[in-house]
Amino acid sequence: MASEVLKTFLKKDKRVAVLTGAGISAESGVPTFRGEDGLWKKFKPEELATFDAFISNPQLVWEWYEYRRKLISEVKPNPAHYSLAEMQGYFESFHLITQNVDGLHQKAGSKEVIELHGNIKRNKCISCDKRFEEIELTSKEMPPKCRCGGLIRPDVVWFGEMLPAEAINKAHELSSKCDIFFSIGTSAVVYPAASLPLIAKKAGAYLVEVNLERTELSHLADEVFLGKAGEIMPEIAGFIKDKD
Ligand code: OAD
């Protein structure tokens, strides 16, 4: 299944960077954003995923995030998440960068996941920036308020917002220094995350894409696996295991 060239990159002395998107969690039951059943087909991002939307209708935005939190709390990682967790530790370096806010990589055992778009379980005050875990919020107010009086919002990146500087800087650096870069389950259209495979490719990395369908990135990829991440990633991880 893995080509002869790919096999030469699945070796201990290689540096691996991985970017994942909503597609990797689709088989767990988390809806993606684009495509036929995508969230952005049913909901308008400008009404739910911008700071202005939150300020004009905090309750609606908070409720939407509560709905997604509930959904995410009920799902489990799938074989693609577990395969990536298995792959860490095998290579000279292995770094997982995700656009997902669902925490499923960590649940599957991945360590030091770089979360570009935040995490849906965390919250922060819009005034003093204090961080809160979901569990700490006992108030029935929607959204709850911080001690300082500020509204509490989900700690995710909304449209028009900057990505956490540390995360995106680290992701840039890792992408420019890897031997092989996997882009898995992402439509590769949302920047700056979508620039990471381009950076890797430009720096000479072998670019592998795993997706149900071809994307904006496919023409640049050295290898494209069309299919479900939950089926393809176990085969790739299995190849590494079989070698030992
Ligand atoms: P998208 O919804 O844009 O794309 C999901 C991709 O996963 C599509 O290309 C699908 O073909 C693919 N896919 C679906 N199921 C799959 C499966 N089982 N195996 C492999 N691939 C599969 O999601 P993202 O690319 O993650 O940002 O979207 C990027 C950002 O746009 C999100 O982080 C979010 C969104 O608006 C913010 O909220 C800031």
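Since the model is a prediction, treat every value here as computed from it, not as a measurement.
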- Side chain proximity check, Phe225 to Glu235, heavy atoms < 4.5 angstrom: no
- Query: Got Leu39 and Arg68 here, is their nearest side-chain heavy-atom distance under 4.5 Å?
  - Reply: yes
- Item | hydrophobic_cluster_shared for Trp62 and Leu60, side chain cutoff 4.5 Å | no
- Query: If you look only at pairs with a residue in residues 76-97, which of them pass as a salt bridge (charged side-chain N to carboxylate O under 4.0 Å, His left out), with sequence neighbours excluded?
  - Reply: Glu86-Lys241
- Item | Identified salt bridge (Lys or Arg N to Asp or Glu O under 4.0 Å) counterpart of Asp179 within the set Arg15, Lys201, Lys14, Lys11 | Arg15
- Message: Check the orientation of Phe94 and Phe91. Use parallel for under 30°, tilted for 30 to 60°, and perpendicular for over 60°.
- Response: parallel
- Task: Answer yes when Lys70 and Glu66 have at least one side-chain N-carboxylate O distance shorter than 4.0 Å, and no when they do not.
- Result: no
- Do the side chains of Phe159 and Val61 join up, straight or via other hydrophobic residues, at under 4.5 Å, putting them in one cluster? yes
- Message: Membership question, hydrophobic clusters at under 4.5 Å side-chain separation (ILVMFWY): are Tyr191 and Trp40 in the same one?
- Response: no
- Starting from the C-alpha separation in whole Å, work towards a yes-or-no answer on side chain to side chain donor-acceptor pair (under 3.5 Å) for His95 and Ser175. CA-CA 9 Å; His95 293 280; Ser175 305; over 6 Å; no
- Value rounded to 0.5 Å, distance of CG in Leu104 from CG in Asn78: 8.0 Å
- Message: Once you measure the plane-to-plane angle for Phe9 and Tyr206, does it fall in the parallel (<30°), tilted (30-60°) or perpendicular (>60°) bin?
- Response: parallel
- Query: Is it true that Val210 and Val16 fall in one hydrophobic cluster, defined by side-chain heavy atoms closer than 4.5 Å?
  - Reply: yes
- If we only count heavy atoms from C-beta on, is the Leu212 to Lys228 side-chain gap below 4.5 Å? yes
- Query: Quick one: does Leu116's side chain get under 4.5 Å of Ile97's, heavy atoms only?
  - Reply: yes
- Find out whether Gln88 and Leu96 are in side-chain contact, i.e. whether some heavy atom of one side chain is under 4.5 Å from a heavy atom of the other. no
